[in-house]
**Q** 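Input: one structure, supplied below.
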Amino acid sequence: MRASQYWFPTLREAPSDAEIPSHRLLLRGGFIRPLSAGLFNWLPLGQRVLAKVEQIVREEMNRAGAHEVLMPILQPKELWERSGRWETFKPTPLRVQDRSERWFCLGPTHEENITDLVAMDLGSYRDLPVTLYQIQAKFRDELRPRGGLIRCKEFIMKDAYSFGRTREDVDDAYEAMYAAYERIFERLNLPVVVVEAEEGSIGGSDTREFMLLSENGEDTVYMCDSCDYASNAECATARIPEPMAPVEHGERRLVDTPNAKTVEQVTRMLGVGPEKLVKTLLFRTDDQFVAALVRGDRTLNEFKLARAVPGDNLRMASDAEVQEFTGARVGFAGPVGLPDDVMVIADHEIATMRDFVTGANRDDAHFTGVNVSVDFEVDEYADLREACHGDACAHCEDGKLQARRCIELAHVFKLGTKYSEAIGATFQDADGSEQVAIMGCYGVGVSRIVAGVVERYHDDDGIIWPRECAPFDAAILLLSPDDEELRAVADNLYGELSEAGLEVLYDERDTSPGVKFAEADLIGYPVRAVIGRVTRNEGKIELRRRSDGHEEVVEIGAAVETTLSMLEGA
RNA sequence: CGGGGCGUGGCGCAGGUUGGUAGCGCGCCUGCUUUGGGAGCAGGAGGUCGCCGGUUCAAAUCCGGCCGCCCCGACCA
């Protein structure tokens, strides 16, 4: 590509509202331009990078035996009602109406659609297993887009779905996708951490997320500093402490705590630390009330609670329900003296506590000196709290959990039969019986990967693209475009490198050398060839690798070969 | 949705408290010079100061409302 004929507008300064490196550098380098919050245009350079990442994903999907399809972005409401997700999917899909006021959503994901598609033609167990995928724009009505390409309203995603006859089929497909993802990130030179995760709105099991560690990420993972345990903060587990042996305990006393509704207010008023408090959080299922107890300085994890509690539709009790059930305003609930029909579930840590503080189930009062088995009974202990930085690891002897920020780049789930049952993806098995296909789903944030790569690979001067996703393999900087001799050398090199199969940006513009150098560094071509003074004086071409600054000055005739070898290390 | 910040040529910003000709740097156009790390000189183009309303002889500036953008939080493949 001749730079003089290309469209790659760069900026000397990034817009002030771009804060993280990937956002700033992709704007400055002329890869993307904003349209609106969470919406970006892809300029030619950005489109090239995106296409490269897509192609890597495509190749690895195909290698893993998946087949590419393309489904509509626009999906009818009726389809989503069949799975029940029209109302429940979070974040709420973007919804639109056509001229006859029929509702559609802009697909945030395609489980319903793919299941319906496969169900149309699925007859025999002989049709299975199969894995289909697509690469396409997805839409999420995010509460708040942020970080440039990190979280957008519209983004490019690769979503794959596997259908199997048996659990083993799903396991195989899952393993194949998992391995494909490892290859994808290896090719992109991205060191990802695979972590345990929650299922969110998709539903399923064996969820793993592929995380790129980055201070500018918006997820948190806990990684053990000793073993290989790693988990998303939303489901990380710390080691369960040994229950404390029965010991002497104090007497329960009622104390006045006027208007002290929060842990902070209570601790301040009573002069004790939050680790001496027990928080009582009231929930309901369809059948019963649930009182969940965690230490005052801990955060309850609702996913964990929902798993530990029998019954459906766990939700936080409303203020009115709390008031009616406990007889006190919100903020004074406690486990002592609750009605019998409540399930009292406590985090394991509660079993290590003595003489703690709880709400008294009456306005403006708390108990001190409260003890399990003495003042109330716990129906069940479970891991309910969120893990914290420095917690003991549950999976090894003396490891500690370390909190790290990260960017989620991909996920894999086993879905089971949630969608195949709802949509009716059934087949006739060998014994003549009708069976429901078992599914898995596997997503890659393609556009987010672009941001991730830049977060991982940049310096003060600009982006340092790994070769596999660089917009061009190399750049030729012709510093003196008016010099016929030099121009001939550069033209020739351009031809030869192109001939050798490289994608080359040939900067033969009539601009100053400084501009060419600065833009080349900013845009981040893996290898840069300079044709200028050294070429004129010594008949040589300077080659420089962006990633490590490695430089070689070679005879004109050796430039192609050297460029190719330098690219190997890029 | 709560908290905070911002909105003035394409980008970065000043001006605003004290109302009175809209400014600077970069970029852009023309010409000449220049050509190894975002060149120099000269000339030039480009702005309903986010929008609507109010106060005033007069509003970028003061007041009210709205919109947009960014950050933090809540939430979240």
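Residue numbers start from 1 in every chain, and the chains themselves are labelled A, B, ... in the order their sequence lines are given, proteins ahead of strands.
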**Q** Between A:Asn62 and A:Tyr133, do the side chains contain an N or O donor and an N or O acceptor separated by less than 3.5 Å?
**A**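 Their side chains do contain a donor-acceptor pair, which is all the 3.5 Å distance test asks for.
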**Q** Any strand counts, and the cut-off is 3.5 Å on both contacts for Watson-Crick or G-U wobble. Which nucleotide pairs with B:G43?
**A**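 In the structure as shown, B:G43 has B:C29 as its Watson-Crick or wobble partner.
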**Q** Taking the side chain of A:Ala37 as its heavy atoms from C-beta onward, which of B:A77, B:C70, B:G36 lies nearest to it?
**A**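 Of all the options, the side chain of A:Ala37 is nearest to B:C70.
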**Q** Quote, to the nearest angstrom, the C1' distance that separates B:A59 from B:G20.
**A**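 My reading of the C1' atoms in B:A59 and B:G20 gives 10 Å.
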**Q** Once you round it to whole Å, what is the distance between C1' of B:A77 and NZ of A:Lys158?
**A**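 After rounding, the gap between these two atoms is 12 Å.
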**Q** Got a sec, which residues hit ring-ring contact (aromatic ring centres under 6.0 Å, His included) with A:Tyr222, two or more places apart in sequence or on another chain?
**A**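 With neighbours one apart ignored, the set is empty.
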**Q** For the pair made of CE in A:Met177 and P in B:A77, what is the distance, rounded to whole Å?
**A**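 To the nearest whole Å, that distance equals 21 Å.
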**Q** Taking B:G9 as the reference, what is the distance to B:U56 when you measure between their P atoms (whole Å, please)?
**A**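 My reading of the P atoms in B:U56 and B:G9 gives 30 Å.
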**Q** Who pairs with A:Tyr181 by ring-ring contact (aromatic ring centres under 6.0 Å, His included), at least two apart in sequence or on another chain?
**A**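 Per chain and number, A:Tyr181 pairs via ring-ring contact (aromatic ring centres under 6.0 Å, His included) with A:Phe210.
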**Q** What I want to check is whether the side chains of A:Tyr419 and A:Arg85 have a donor and an acceptor closer together than 3.5 Å.
**A**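 Judged by distance alone, the side chains do pair up.
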**Q** Mind checking side chain to side chain contact (heavy atoms under 4.5 Å, CB included) for A:Ser547 and listing every partner two or more places apart, or none if nothing turns up?
**A**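 So A:Ser547 forms a side chain to side chain contact (heavy atoms under 4.5 Å, CB included) with A:Ile464, A:Arg545.
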**Q** So which nucleotide does B:G23 pair with, by the Watson-Crick or G-U wobble rule with both distances under 3.5 Å?
**A**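 Base-paired to B:C13.
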**Q** How do A:Arg448 and A:Ala518 order along RNA chain B: which one's closest nucleotide is nearer the 5' end?
**A**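 So the residue in question is A:Ala518.
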**Q** Going by atom type alone, with no hydrogens or angles, which donor-acceptor pairs under 3.5 Å involve a side-chain atom of residues 482-490 of chain A and a protein atom two or more places apart or on another chain?
**A**
from: A:Asp483; atom 1: OD1; to: A:Glu485; atom 2: N; distance (Å): 2.9
from: A:Asp483; atom 1: OD1; to: A:Leu486; atom 2: N; distance (Å): 3.1
from: A:Asp483; atom 1: OD2; to: A:Arg536; atom 2: NE; distance (Å): 3.2
from: A:Arg487; atom 1: NE; to: A:Pro481; atom 2: O; distance (Å): 3.0

**Q** With rounding to whole Å, what would you report as the distance between B:U61 and B:G50 at their C1' atoms?
**A**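 Approximately 16 Å lies between the C1' atom of B:U61 and that of B:G50.
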**Q** From NE2 of A:His110 over to P of B:A77, roughly how many Å is that when rounded to an integer?
**A**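 To the nearest whole Å, that distance equals 18 Å.
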**Q** Quick one: do the A:Thr10 and A:Glu519 side chains pair a donor with an acceptor below 3.5 Å?
**A**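 A pair is found: one side chain offers a donor N or O, the other an acceptor, under 3.5 Å apart.
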**Q** Just grab all the side-chain hydrogen bond (donor to acceptor under 3.5 Å, both in side chains) pairs involving residues 22-39 of chain A, residues at least two apart or on different chains.
**A**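 Listed by first then second residue: A:Ser22-A:Glu455.
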**Q** Just to be sure I understand the rule, does A:Gly532 reach a base, reach only the sugar-phosphate, or reach nothing, if contact means heavy atoms closer than 4.0 Å?
**A**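 If one applies the 4.0 Å heavy-atom cut-off, A:Gly532 turns out to touch a base.
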**Q** Tell me every residue that passes side chain to side chain donor-acceptor pair (under 3.5 Å) with A:Ser512, counting only those two or more places apart in sequence or in another chain.
**A**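 Not a single residue meets the side chain to side chain donor-acceptor pair (under 3.5 Å) criterion with A:Ser512.
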**Q** What is the separation between atom CG on A:Asp510 and atom C1' on B:U33, rounded to the nearest whole Å?
**A**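 It is 13 Å, rounded to the nearest whole Å.
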**Q** Could you check whether atom CD of A:Glu59 has more than 12 heavy atoms from other residues, nucleotides or ligands sitting under 6.0 Å from it?
**A**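 Yes, the 6.0 Å shell around CD holds more than 12 heavy atoms from other groups.
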**Q** Going by the rule ring-ring contact (aromatic ring centres under 6.0 Å, His included), which residues pair with A:Phe472 if we only count those two or more places apart in sequence or in a different chain?
**A**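 Expected list: A:Tyr6.
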**Q** In the structure shown, which nucleotide is the Watson-Crick or G-U wobble counterpart of B:G36, with both distances under 3.5 Å?
**A**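 Looking at the geometry, B:G36 pairs with no nucleotide.
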**Q** On a whole-Å scale, what distance lies between the C1' atoms belonging to B:C29 and B:G46?
**A**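 These two C1' atoms come out 10 Å apart once rounded.
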**Q** When the distance from CD1 of A:Ile20 to P of B:C69 is rounded to whole Å, what number comes out?
**A**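 Answer to the nearest Å: 17 Å.
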**Q** What does B:A77 pair with, Watson-Crick or G-U, if both distances are under 3.5 Å?
**A**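 B:A77 is unpaired by these criteria.
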**Q** When we call it a touch if two heavy atoms are under 4.0 Å apart, what does A:Ser36 touch: a base, just sugar-phosphate, or nothing?
**A**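 A:Ser36: backbone/sugar contact only, no base atoms under 4.0 Å.
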**Q** Taking only heavy atoms on the protein side, list every residue of residues 144-156 of chain A lying under 4.0 Å from any atom of RNA chain B, sorted numerically.
**A**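 Hits under 4.0 Å, by residue number: A:Arg144, A:Pro145, A:Arg146, A:Gly147, A:Arg151, A:Phe155.
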**Q** Let me know the distance between CZ of A:Arg509 and P of B:G36, rounded to the nearest Å.
**A**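 For the pair A:Arg509 CZ and B:G36 P, the rounded distance is 16 Å.
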**Q** Just checking A:Leu477: base, sugar-phosphate only, or nothing, at a heavy-atom cut-off of under 4.0 Å?
**A**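 It contacts nothing in the nucleic acid.
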**Q** In whole Å, measure the gap between the C1' atoms of B:A22 and B:G47 for me.
**A**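 It works out to 8 Å between them.
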**Q** Identify the nucleotide, in any strand shown, that forms a Watson-Crick or G-U wobble pair with B:A60, with both distances under 3.5 Å; if there is none, say none.
**A**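 Answer to the pairing question: none, since B:A60 forms no Watson-Crick or G-U pair.
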**Q** Check every strand shown and say whether A:Asp159 touches a base, only sugar-phosphate, or nothing at a heavy-atom separation below 4.0 Å.
**A**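 Counting heavy atoms under 4.0 Å across all strands, no contact is made by A:Asp159.
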**Q** Heavy atoms under 4.0 Å, any strand shown: does A:Arg536 hit a base, just sugar-phosphate, or nothing?
**A**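 Touches nothing.
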**Q** Sequence neighbours left out, what passes side chain to side chain contact (heavy atoms under 4.5 Å, CB included) with A:Arg268? Give chain and number order.
**A**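 With sequence neighbours excluded, A:Arg268 shows a side chain to side chain contact (heavy atoms under 4.5 Å, CB included) to A:Glu264, given in chain and number order.
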**Q** When all nucleic acid strands are considered with a 4.0 Å heavy-atom cut-off, which category describes A:Arg528: base, sugar-phosphate, or nothing?
**A**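 The answer is base, as A:Arg528 lies within the cut-off (heavy atoms under 4.0 Å) of a base atom.
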**Q** At a cut-off of 3.5 Å, list every protein nitrogen or oxygen paired with a nitrogen or oxygen from nucleotides 13-16 of chain B, distance to 0.1 Å.
**A**
from: B:C13; atom 1: OP2; to: A:Ser16; atom 2: OG; distance (Å): 2.8

**Q** Specify the separation, in whole Å, of atom CD of A:Glu209 and atom P of B:C76.
**A**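 Checked: the CD to P distance equals 13 Å.
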**Q** For B:U55, what is the paired nucleotide under Watson-Crick or G-U wobble rules, both distances under 3.5 Å?
**A**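 Answer to the pairing question: none, since B:U55 forms no Watson-Crick or G-U pair.
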**Q** What contact category does A:Ala14 fall into here, base, sugar-phosphate, or nothing, at under 4.0 angstrom with non-hydrogen atoms?
**A**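 Sugar-phosphate contact only.
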**Q** Determine the interatomic distance between P on B:A14 and the same-named atom on B:C62; round to the nearest Å.
**A**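 The answer is 15 Å between these two P atoms.
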**Q** Which value, in whole Å, describes the distance between the C1' atoms of nucleotides B:C6 and B:G16?
**A**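 The same atom, C1', in both gives a distance of 15 Å.
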**Q** Grab the CG-P distance between A:Leu479 and B:G37 for me, whole Å please.
**A**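 It works out to 9 Å between those atoms.
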**Q** Answer with yes or no whether the side chains of A:Asn301 and A:Glu234 bring together a donor and an acceptor at under 3.5 Å.
**A**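 Not at all, the side chains of A:Glu234 and A:Asn301 share no donor-acceptor pair under 3.5 Å.
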**Q** Quantified in whole Å, what is the P atom distance between nucleotide B:U34 and nucleotide B:G44?
**A**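 About 24 Å, rounded to a whole number of Å.
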**Q** Measure from the side-chain heavy atoms of A:Arg140 and tell me the nearest of B:U35, B:C11, B:A77.
**A**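 In terms of side-chain proximity for A:Arg140, the closest of B:U35, B:C11, B:A77 is B:A77.
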**Q** Output all residues satisfying ring-ring contact (aromatic ring centres under 6.0 Å, His included) with A:Phe155, sequence neighbours left out; order by chain, then residue number.
**A**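 Listed in chain order: nothing, the list is empty.
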**Q** Nearest to the side chain of A:Glu19, which nucleotide is it out of B:C69, B:C70, B:G37?
**A**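 Selected nucleotide (nearest to the side chain): B:C70.
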**Q** Kindly give the atom pairs (protein nitrogen or oxygen, nucleotide nitrogen or oxygen) under 3.5 Å for nucleotides 23-25 of chain B.
**A**
from: B:G25; atom 1: N2; to: A:Glu13; atom 2: OE1; distance (Å): 3.4

**Q** Return the pairing partner of B:C66 with a 3.5 Å limit on both distances, Watson-Crick or G-U wobble; otherwise return none.
**A**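 Base partner found: B:G50.
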**Q** Has A:Lys52 got a side-chain atom pairing as donor or acceptor with A:Ala470's backbone, closer than 3.5 angstrom?
**A**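 Flag set: sc A:Lys52 to bb A:Ala470 pair under 3.5 Å.
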**Q** Looking across every strand, which nucleic acid part, if any, lies under 4.0 Å from A:Glu302 by heavy atom: base, sugar-phosphate, or nothing?
**A**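 The residue A:Glu302 makes no contact with any strand.
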